[in-house]
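Because only heavy atoms are used, hydrogens play no part in the values below, and waters and symmetry mates are left out as well, while side chains stay in.
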Amino acid sequence: MVVQTSRQITEIEGQYATVEGLKTHYIQAGSGSPLLILHGAAPGGSARVIYGPCIEPLAARDLAVYAPDGPGFGLTDFPSDPSVEYRIKHARAFATAMSLERYHVMGNSAGVYPALRLAMEDPRVAKVVVIAGAGVQLPVSEAAQESAREHGQVLNAYTPGLENMRQLTRGTLYRNEFVTDELVKLRYEMSVGPNYEARQARQTVGTTQSSSPITPEAIKANYKAKTLIVWGKNDPGSVIQRAYQMLEIIPDAELHAFDNCGHWPMWDQTERFVSVVADFLQDGT
């Protein structure tokens, strides 16, 4: 197998739709089974930044990929309500605006909780892919909790700047050869201006209106979607112990862990990530 040593961020032109009254930017590629992609909430988070190298390869595997920028991220308008609950509401409304009668959903990092909630609350959801995120009440070790706290402190300490973003991205990816000027510049551009203001608003709301993690009891009682859990073995902020704990709690789930991989498997292990995810989603069982 030839290991690719570069990454191509998709150049597909974005589109706009009005969703929940917000001008919402999204990338659409391919045809086939609809896949709604939800990105994380780290500085510079957006569909093109986080999923950039895998959108077209996934579309080439008979998937209709819908990759929106969430409210207050990327090129989508800044909402009056910066809460996670509104982000979930917006994602569901986006699926409706795209006329998705049946769809898969994939979430990374802070996008995991909305993905799981959609699976529990929206009967249109078929399968779910969760990537290196929280959202479920897990009995993780003190060391894992401390790692998550330290990661959160690094993210919260970010102030816009190209070199600051370069260092932040080196902590996100395991393979530093993929921390290119192109990625750093794009992620930086998505972290400034209204997006920086939106991030500050989310941090303020998060201290008073944060959503409670989904309990194991709620998962076992209400969660029916077949689920793929994807993790990077070398993720410092969301340690792999969380993946095994999530596997124990979510029924009918399977886990795929990548070595030499940090918080964004879609970047560190693009080819294998696409293969694993597409095979899971296209499997008729």
Side-chain angles (χ1 to χ4, degrees), residues 1-10 35 37-58 61 65 67 106-113 115 128-136 138 140-141 143-144 146-148 150-152 154-155 165-180 182-184 186-187 227-248 250 253-281:
M1 182 181 69
V2 176
V3 177
Q4 192 172 340
T5 56
S6 63
R7 295 287 180 260
Q8 178 65 47
I9 301 173
T10 184
L35 170 62
I37 291 177
L38 306 179
H39 59 73
S46 70
R48 196 179 302 274
V49 167
I50 296 178
Y51 291 101
C54 71
I55 289 174
E56 290 177 76
L58 284 169
R61 292 290 302 269
V65 178
M106 178 163 67
N108 164 252
S109 194
V112 165
Y113 179 76
V128 179
V129 180
V130 296
I131 310 163
V136 178
L138 301 173
V140 295
S141 66
E146 180 60 27
S147 179
E150 290 177 359
H151 179 67
V154 170
L155 296 180
M165 183 55 79
R166 189 180 306 278
Q167 290 303 314
L168 193 68
T169 306
R170 283 177 175 162
T172 304
L173 302 187
Y174 179 79
R175 300 175 65 182
N176 281 337
E177 66 264 33
F178 297 143
V179 183
T180 61
E182 178 190 25
L183 173 58
V184 171
L186 176 62
R187 191 178 177 187
T227 301
L228 172 65
I229 302 164
V230 179
W231 227 270
K233 177 184 174 183
N234 314 99
D235 187 342
S238 190
V239 299
I240 199 168
Q241 179 193 3
R242 292 181 176 273
Y244 294 116
Q245 296 285 3
M246 198 173 284
L247 181 66
E248 291 293 323
I250 298 177
E254 56 189 85
L255 168 64
H256 193 102
F258 294 98
D259 196 6
N260 301 314
C261 183
H263 196 53
W264 291 353
M266 56 289 275
W267 273 90
D268 276 324
Q269 297 290 343
T270 304
E271 299 82 10
R272 289 291 298 131
F273 172 84
V274 168
S275 178
V276 168
V277 169
D279 286 349
F280 169 78
L281 295 179

**Asked** Donor-acceptor pair, R187 side chain versus P43 backbone, under 3.5 Å?
**Response** yes
**Item:** Polar contact flag, side-chain donor to acceptor under 3.5 angstrom, H151-S238
**Value:** no
**Item:** N234 (side chain) donor-acceptor with N260 (main chain) under 3.5 angstrom
**Value:** yes
**Prompt:** Among N108, L255, V129, V130, which residue meets the side-chain contact (heavy atoms from CB on, under 4.5 Å) test with V230?
**Reply:** V129
**Request:** Look up atom CG in D279 and atom CZ in R61, then write down how far apart they are to the nearest 0.5 Å.
**Result:** 4.5 Å
**Prompt:** At their closest point, which heavy atom of A67 faces which heavy atom of A47, and how far apart are they?
**Reply:** O-CB, 3.3 Å
**Request:** Work out which heavy atom in I229 is nearest to a heavy atom in M246; give both atom names and the distance.
**Result:** CD1-C, 3.9 Å
**Prompt:** Got a second to check how far M266's CE is from M106's CE, nearest 0.5 Å?
**Reply:** 6.0 Å
**Request:** Check step by step if side chain to side chain contact (heavy atoms under 4.5 Å, CB included) holds for Y174 and K233.
**Result:** CA-CA 10 Å; Y174 179 79; K233 177 184 174 183; over 6 Å; no
**Asked** Is there side-chain contact between L58 and L281, with heavy atoms separated by less than 4.5 Å?
**Response** no
**Prompt:** Considering all heavy atoms of both residues, which atom of I50 and which atom of H39 are nearest to each other, and what is their separation?
**Reply:** CD1-CB, 3.8 Å
**Message:** To check you understand the geometry: which heavy-atom pair defines the closest contact between A257 and I240, and what is its length?
**Reply:** CB-CD1, 3.6 Å
**Message:** Any side-chain to backbone donor/acceptor pair from Q269 onto D259? Under 3.5 Å, distance only.
**Reply:** yes
**Asked** Short question: side chain of R48, backbone of T10 - any donor-acceptor pair under 3.5 Å?
**Response** yes
**Message:** If you apply the rule side chain to side chain contact (heavy atoms under 4.5 Å, CB included), what do you find for T172 with W267, and how did you get there?
**Reply:** CA-CA 10 Å; T172 304; W267 273 90; over 6 Å; no
**Asked** How far does OG1 of T270 sit from CZ of R7, to the nearest 0.5 angstrom?
**Response** 3.5 Å
**Prompt:** Quick one: does Y51's side chain have a donor or acceptor within less than 3.5 Å of a partner on L38's backbone?
**Reply:** yes
**Complete:** Minimal heavy-atom distance between G133 and V112, with the atoms involved, is CA-CG2, 3.6 Å
**Message:** So which atom in I131 and which in P265 form the shortest heavy-atom distance, rounded to 0.1 Å?
**Reply:** CG2-CD, 3.6 Å
**Prompt:** Atom CG of L168 and atom CG of L155: how far apart are they, to the nearest 0.5 Å?
**Reply:** 6.0 Å
**Complete:** Distance col, row E177:CD vs D268:CG, nearest 0.5 angstrom, shows 8.0 Å
